[in-house]
Amino acid sequence: MVDADSGWDGRGGSGSYGTRDTGGTWGMRGARAADALPDGRVAAPDSRVAIPDRRVALPDRRIAAVSLVALAALATGCEPGTATGAQDAPPPARPTQAAAPSPTRTAPVTEDAKPRTAPPPSPSASTAAPTPAPDPTTARPAPEPSTAPPPRVLMRTGSESDRVRELQARLRQIGHFGRNPTGYYGSVTADAVRSFQAKRSLPVTGSTDEVTWQRLLAMTRVPKAAELRPPTERPLAAPDERCLKGRVLCISKNSRTLAWMIDGKVVSAMDVRFGSEYTPTREGVFEVFWKSRDHVSTLYDTPMPYALFFSGGQAVHYSADFAANGYGGASHGCVNLRDKKKVAALFGQVRTGDKVVVYW
């Protein structure tokens, strides 16, 4: 800065500077060229400036003091600042700047707590937009595929046991199995299990696994003995009079039942199935002439367990197909039984020579 009253013309090349008074000038001539800075300012690192004539009267000492302060400021290059020890004192508020709305200081905003309206960016800040925080609903990693083994299968098509009989009885309690229990797991039982699984939103397989079995147990009660082993699916017909004496297998085509009778008393009863119209079961009075526990048909190559032959190749025997499919099929002329446990007991009781009566 140049004081208007200093008398310095800003030209450091002359080697003189001073202040004016009403009577003339004072100064120092012959200043070293090194004291002049390149931009025209005079460096005054040494405050010991010789005033050649202190006897010159200064009309206004304040002007000289201001000039010396200005020269010292130019020499040191100082800027206006805060004095040491005054850091705690706030600077005076600028008239054009609005005061802060709150007297309390606010902590710096971080990515974990963003304001709804972001403040304008600082001119010196980077113009790159900050990376948005991932949405917690979409940043979850994809679930790992399940490695749990499938539930263990307890019963499936072809199974035969008392547990299958209980399965059938329980399914019948809740309307999924419309037959008497047979103990054999065939297509009818598999269809009943599929129906149950579909209604309970279970995997529809037709096989009874642990999950299906536990769900069925929770929905049903323990079957009674009469539910597990009912005498027949249909009521027994009135016995033919030829069945009232002796040891007789009394077989009714009308009721589709067999009654094992001794002297007019029913010892056991069970459902039966007959031959089709092309291979009908013969009617009349016969006798058992041959027993074969593990017989296989040589004509049709099919198993005929617990066979009691009474007319040529026709016999009373257990049929896995009858147990599985019910009356949806027919025999080749034999009398089919579907309760394997009852058939086994009957095979043990019937003797060769016992009577067989087949009637309507």
Side-chain angles (χ1 to χ4, degrees), residues 140-234 256 268-273 293-296 300-306 317-331 336-347:
R140 296 177 181 174
E144 294 289 335
S146 176
T147 58
R152 183 169 60 96
V153 175
L154 304 178
M155 293 167 276
R156 56 166 56 92
T157 300
S159 300
E160 189 171 8
S161 64
D162 286 342
R163 192 183 225 181
V164 173
R165 186 182 297 276
E166 181 181 354
L167 168 71
Q168 294 166 336
R170 287 180 181 272
L171 288 171
R172 184 169 184 173
Q173 288 177 13
I174 54 178
H176 288 279
F177 190 74
R179 311 278 177 90
N180 279 344
T182 63
Y184 180 81
Y185 203 121
S187 61
V188 174
T189 305
D191 288 342
V193 171
R194 289 189 190 96
S195 173
F196 174 81
Q197 290 170 332
K199 191 170 183 179
R200 271 73 195 179
S201 300
L202 299 172
V204 180
T205 62
S207 298
T208 304
D209 55 35
E210 290 177 327
V211 175
T212 301
W213 179 242
Q214 291 301 322
R215 183 71 63 85
L216 181 61
L217 292 180
M219 297 180 62
T220 56
R221 55 176 171 75
V222 178
K224 298 178 180 179
E227 293 177 286
L228 292 171
R229 289 181 170 80
T232 60
E233 189 176 74
R234 293 174 173 81
R256 292 190 288 188
S268 63
M270 56 203 76
D271 300 325
V272 295
R273 184 178 71 173
R293 183 181 298 272
D294 300 311
H295 192 78
V296 176
Y300 301 105
D301 194 27
T302 55
M304 298 172 57
Y306 305 109
H317 68 85
Y318 169 75
S319 169
D321 181 75
F322 182 30
N325 301 312
Y327 291 99
S331 72
N336 290 162
L337 306 176
R338 60 183 177 184
D339 190 327
K340 194 171 186 179
K341 191 170 184 178
K342 285 187 175 182
V343 176
L346 180 68
F347 185 86

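Source: prediction; values computed, not measured.
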Original post:
Does any non-hydrogen side-chain atom of L167 lie less than 4.5 Å from one of T189?
Top reply: yes
**OP:** Would you name the heavy atoms of S207 and V193 that are closest together and state the gap between them?
**Re:** O-CG1, 3.8 Å
**OP:** Keeping the roles fixed (side chain from T220, backbone from L216), state whether a donor-acceptor pair exists under 3.5 Å.
**Re:** yes
Original post:
Taking atom CG of L154 and atom CH2 of W213, what is their separation to the nearest 0.5 Å?
Top reply: 8.0 Å
Original post:
Which residues pass the side chain to side chain donor-acceptor pair (under 3.5 Å) test with R215, sequence neighbours left out?
Top reply: none
Subject >> Pairs touching residues 182-209 that satisfy salt bridge (charged side-chain N to carboxylate O under 4.0 Å, His left out), sequence neighbours left out >> reply: D191-R194
Subject >> Derivation of the side chain to side chain contact (heavy atoms under 4.5 Å, CB included) call for Y306 and H317 >> reply: CA-CA 5 Å; Y306 305 109; H317 68 85; 5.7 Å; no
Original post:
Do E160 and K340 come close enough that some side-chain heavy atom pair is under 4.5 Å?
Top reply: yes
Original post:
Is there side-chain contact between D162 and R229, with at least one heavy-atom pair below 4.5 Å?
Top reply: yes
Subject >> Counterpart residues, side chain to side chain contact (heavy atoms under 4.5 Å, CB included), relative to P223 (two or more places apart) >> reply: E166, A169, R170, Q173, E227, L228
Original post:
Of the non-hydrogen atoms in R165 and D339, which two are nearest, and what is the gap between them?
Top reply: NH2-OD1, 3.0 Å
**OP:** Please confirm whether the backbone N or O of V153 pairs with a side-chain atom of E210, one donor and one acceptor, at under 3.5 Å?
**Re:** no
Donor-acceptor contacts under 3.5 Å from residues 323-330 side chains, at least two apart:
residue: N325; atom: OD1; partner: S187; partner atom: OG; Å: 2.2
residue: N325; atom: ND2; partner: D321; partner atom: OD1; Å: 2.7
residue: Y327; atom: OH; partner: V272; partner atom: O; Å: 3.0

**OP:** Provide the closest heavy-atom pair for Q197 versus T205 in the form atom of the first, atom of the second, distance.
**Re:** OE1-N, 2.9 Å
Subject >> Backbone N/O of N180 and side chain of Q168: donor-acceptor pair under 3.5 Å >> reply: no
**OP:** With rounding to the nearest 0.5 Å, note down the distance linking OG in S319 to CG in L337.
**Re:** 9.0 Å
**OP:** Can you run down the ring-ring contact (aromatic ring centres under 6.0 Å, His included) pairs that involve residues 174-207, sequence neighbours left out, and say none if there aren't any?
**Re:** H176-F196
Original post:
Does the pair R338/D271 count as a salt bridge with the N-to-O cut at 4.0 Å?
Top reply: yes
Original post:
CE of M155 to CZ of R163: how many Å apart, nearest 0.5 Å?
Top reply: 5.0 Å
**OP:** Give, for atom CG of N336 and atom OH of Y318, the distance between the pair rounded to the nearest 0.5 Å.
**Re:** 10.5 Å
Original post:
What are the two closest heavy atoms between V211 and P151, and how far apart are they?
Top reply: CG2-CB, 3.9 Å
Subject >> Listed partners of S331 passing side chain to side chain donor-acceptor pair (under 3.5 Å), at least two apart >> reply: none
Original post:
Could you state the interatomic distance from NE2 (H295) to CE (M304), rounded to the nearest 0.5 Å?
Top reply: 5.0 Å
